[in-house]
Number of protein chains: 2
Amino acid sequence: MTATEITDWESRRPKRADARRNYDAVVEAARAAFARDGVGTSIDEIARSAGVGNATLYRHFPTRDELIAVALAENMAAVHKRGLELAGTEEPLVALREWLLATIAQIGTYGGLPGSVLDAAGREGSLLGVTCHHMQETTRALLARAQEAGEIRADVRMEELFDLAAGIAWVISRDSGGADTARAGRLLDLALDGLVARRA
Amino acid sequence: MTATEITDWESRRPKRADARRNYDAVVEAARAAFARDGVGTSIDEIARSAGVGNATLYRHFPTRDELIAVALAENMAAVHKRGLELAGTEEPLVALREWLLATIAQIGTYGGLPGSVLDAAGREGSLLGVTCHHMQETTRALLARAQEAGEIRADVRMEELFDLAAGIAWVISRDSGGADTARAGRLLDLALDGLVARRA
DNA sequence: TTCAAATGTGGGGACAGTCCCCGGTTATTG
DNA sequence: CAATAACCGGGGACTGTCCCCACATTTGAA
């Protein structure tokens with residue numbers, strides 16, 4: 001199922017030796033470039049730093065999103081795995097909170113990534129859209145569990161939760177290229193617990 | 001004070017007849033273009049649709065932010081005025097809520113605007129930075145009042161509130177070019193009231 | 001050796017931002 | 001009021017960057 005789909009990008013790796021070498025070099029260069037300058041960085045620059053012609057890059061990754069998706073693949077798989085573990089945890093609320101934090105941290109790693117993710121959230125077509133869909137499904141499951149346990153308001157919808165998480169991820173990924181987990185946690189806690197004071 | 005600074009952009013309007021005509025045409029074209037395609041739209045395209053050479057546009061507005069700031073000026077002034085009114089309202093919490101909603105709606109009108117605003121929030125230099133600073137000060141005042149009335153948790157800092165508001169504005173401005181006030185209100189209420197269920 | 005697959009140079013199109021000469025406007029002077 | 005000079009704003013054209021593709025060439029695998 002999901003694992004197949006997520007790791008399915010493996011099957012996209014070319015079979016010929018030189019092609020695979022270039023493919024891997026591009027992904028590696030993309031990771032470095034994204035981490036340094038965000039996902040909006042120059043594609044040609046990535047190709048250059050990978051020692052590859054830009055047309056080669058475009059052959060393997062026709063769109064920017066595809067390159068982003070592959071560059072994130074194993075991280076995404078790890079987060080997804082963590083989500084499955086959390087689904088079996090005893091505390092639904094802390095599980096949901098940790099899941100959201102992991103998601104935010106993941107989406108916030110690269111500057112501009114939240115935008116790409118939310119863009120891809122709709123159209124199922126792209127690789128990024130698929131991984132994004134997985135994240136949403138996990139969110140839905142963990143949210144439902146927390147609601148059934150009476151720990152989260154029943155009227156909260158997954159989309160709203162996802163919107164808030166995406167917003168937080170966007171804020172923290174804007175400045176401070178690397179995700180600031182502490183700030184993300186603080187903002188998430190505020191959103192979860194609420195800002196209004198409780199009277200006794 | 002503030003009103004002077006905000007409407008100070010008036011003094012930037014050229015005095016010569018043709019210059020003022022072009023200036024106004026550019027601002028008008030920019031408003032339309034921003035509303036349609038977001039603040040990231042092509043500057044040259046704005047100049048073209050204003051019937052003006054791009055160099056003329058750059059003469060009046062050396063940076064994109066400056067054009068954005070002027071295009072927003074009167075809206076910003078209106079929001080700022082609303083903030084001053086709200087500061088005298090009897091209900092600190094509802095005042096804060098309404099202020100945040102107005103701010104989010106304003107920042108969310110143009111796609112990509114939240115990013116520009118948060119970028120300009122730091123550096124005081126630009127016009128956009130100044131207006132942004134005003135918004136933050138108003139937020140700080142309304143927040144302090146609500147906290148003194150015991151209606152908002154005392155540990156909430158203005159920056160955190162602003163981060164959440166910016167995040168929400170970003171989410172709603174991404175899709176649906178015009179700001180979706182209903183969705184913004186819902187997300188804001190969630191963040192304010194919190195998502196966790198209260199026991200009894 | 002053969003041939004499909006992969007490569008990358010080089011170019012077209014779009015955009016941001018700058019330069020600089022030209023033409024019109026305003027101020028000044030007779 | 002009229003003519004002229006100084007000046008200010010206009011915009012075509014240019015540089016540099018980026019995305020994306022066409023095509024001739026090379027390379028790996030059978």
Side-chain angles (χ1 to χ4, degrees), chain A residues 11-30 32-34 36-71 110-112 115-116 119-120 126 128, chain B residues 9 11-30 32-34 36-71 110-113 115-116 119-120 125-128:
Chain A
S11 72
R12 292 205 169 208
R13 287 180 69 200
K15 318 117 213 52
R16 233 172 79 168
D18 56 343
R20 173 149 44 209
R21 201 175 332 118
N22 284 332
Y23 181 97
D24 291 344
V26 166
V27 172
E28 199 51 43
F34 289 161
R36 193 174 49 248
D37 307 316
V39 296
T41 192
S42 161
I43 294 286
D44 282 22
E45 172 58 33
I46 293 175
R48 215 169 307 141
S49 82
V52 161
N54 58 0
T56 299
L57 190 155
Y58 280 108
R59 172 182 311 279
H60 293 306
F61 311 98
T63 74
R64 181 183 295 268
D65 277 7
E66 222 143 331
L67 181 53
I68 295 172
V70 173
Y110 297 153
S116 302
D119 276 336
S126 68
L128 199 53
Chain B
W9 70 274
S11 72
R12 291 205 169 206
R13 286 181 70 197
K15 357 230 145 334
R16 236 172 78 169
D18 57 343
R20 175 152 46 214
R21 201 177 331 118
N22 283 330
Y23 182 97
D24 291 343
V26 166
V27 172
E28 199 51 44
F34 289 161
R36 194 174 49 248
D37 307 317
V39 296
T41 192
S42 160
I43 294 287
D44 282 23
E45 171 60 31
I46 293 175
R48 217 169 312 154
S49 83
V52 160
N54 59 357
T56 299
L57 191 155
Y58 279 109
R59 172 184 308 281
H60 292 305
F61 312 99
T63 73
R64 180 184 297 269
D65 276 6
E66 223 144 331
L67 181 53
I68 295 173
V70 173
Y110 297 152
L113 184 54
S116 302
D119 276 335
S126 69
L127 262 185
L128 199 54

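First the proteins, then the strands, lettered A, B, ... as listed; each starts at 1. Quantities reported herein were computed from a predicted structural model and do not represent experimental measurements.
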**Message:** From CG of B:Leu57 over to P of D:dG9, roughly how many Å is that when rounded to an integer?
**Reply:** 15 Å
**Prompt:** Donor-acceptor pair, A:Arg64 side chain versus A:Val39 backbone, under 3.5 Å?
**Reply:** yes
**Prompt:** Side chain of A:Arg16, base of C:dA6: donor and acceptor closer than 3.5 Å?
**Reply:** no
**Prompt:** With sugar-phosphate meaning primed atoms plus P, OP1 and OP2, does B:Asn54 contact a base, only sugar-phosphate, or nothing at under 4.0 Å between heavy atoms?
**Reply:** base
**Prompt:** Does A:Thr56 have a side-chain nitrogen or oxygen under 4.0 Å from the phosphate oxygens OP1 or OP2 of C:dG8?
**Reply:** yes
**Message:** Any base atoms under 4.0 Å from A:Ala19, or only sugar-phosphate, or nothing? Heavy atoms, all strands.
**Reply:** sugar-phosphate
**Request:** Tell me which of B:Asp18 and B:Glu45 sits closer to the 5' end of DNA chain C, going by the nucleotide each one is nearest to.
**Result:** B:Glu45
**Message:** Looking only at the side chain of B:Arg48 (C-beta and beyond, no hydrogens), which of the listed nucleotides C:dC15, D:dG10, D:dC21 gets closest?
**Reply:** C:dC15
**B:Asp24 CG to D:dG9 P, straight-line distance once rounded to whole Å** = 14 Å
**Request:** Return the orientation label for the B:Phe34 and B:Tyr110 ring planes: parallel under 30°, perpendicular over 60°, tilted otherwise.
**Result:** tilted
**Asked** Counting any heavy atom closer than 4.0 Å, what does B:Ala17 reach on the DNA or RNA strands: base, sugar-phosphate only, or nothing?
**Response** sugar-phosphate
**Message:** Measuring from atom CG of A:Asn22 to atom NE2 of A:His60, what distance do you get when rounded to the nearest 0.5 angstrom?
**Reply:** 6.0 Å
**Prompt:** Is any side-chain heavy atom of A:Ser126 closer than 4.5 Å to a side-chain heavy atom of A:Thr63?
**Reply:** no
**Message:** So B:Ile43 and B:Phe61, do their side chains get closer than 4.5 Å, heavy atoms only?
**Reply:** no
**Request:** Could you tell me whether the phosphate oxygens of C:dA6, OP1 or OP2, come under 4.0 Å of any side-chain nitrogen or oxygen in A:His60?
**Result:** no
**Item:** Closest nucleotide among C:dA6, D:dG9, D:dG11 to the B:Ala55 side chain
**Value:** D:dG11
**Request:** Round to a whole Å and report the spacing from CD of A:Glu66 to C1' of D:dC19.
**Result:** 16 Å
**Prompt:** Would one find a side-chain N or O of B:Ser42 under 4.0 angstrom from OP1 or OP2 of C:dA16?
**Reply:** yes
**Message:** For a quick test of reading the model: is some side-chain N or O of A:Arg64 closer than 4.0 Å to OP1 or OP2 of D:dC19?
**Reply:** yes
**Prompt:** How many Å lie between CZ on B:Arg20 and P on D:dC8, as a whole number?
**Reply:** 16 Å
**Message:** Does B:Thr63 reach a base, just sugar-phosphate, or nothing at all? Heavy atoms under 4.0 Å.
**Reply:** nothing
**Asked** In whole Å, what is the span from the CZ atom of A:Arg21 to the P atom of D:dT27?
**Response** 12 Å
**Prompt:** B:Asp65 CG to C:dA16 P: how many Å, rounded?
**Reply:** 13 Å
**Prompt:** For the side chain of A:Thr41 and the backbone of A:Gly38, is there at least one donor-acceptor N/O pair under 3.5 Å apart?
**Reply:** no
**Fill in**
In whole angstroms, the gap separating C1' of D:dC14 from OH of B:Tyr58 amounts to 14 Å
**Fill in**
A:Tyr23 OH to D:dG28 P, in whole Å, measures 20 Å
**Asked** If you find the nucleotide of DNA chain C closest to A:Gly53 and the one closest to B:Asp44, which residue's nucleotide is nearer the 5' end?
**Response** A:Gly53
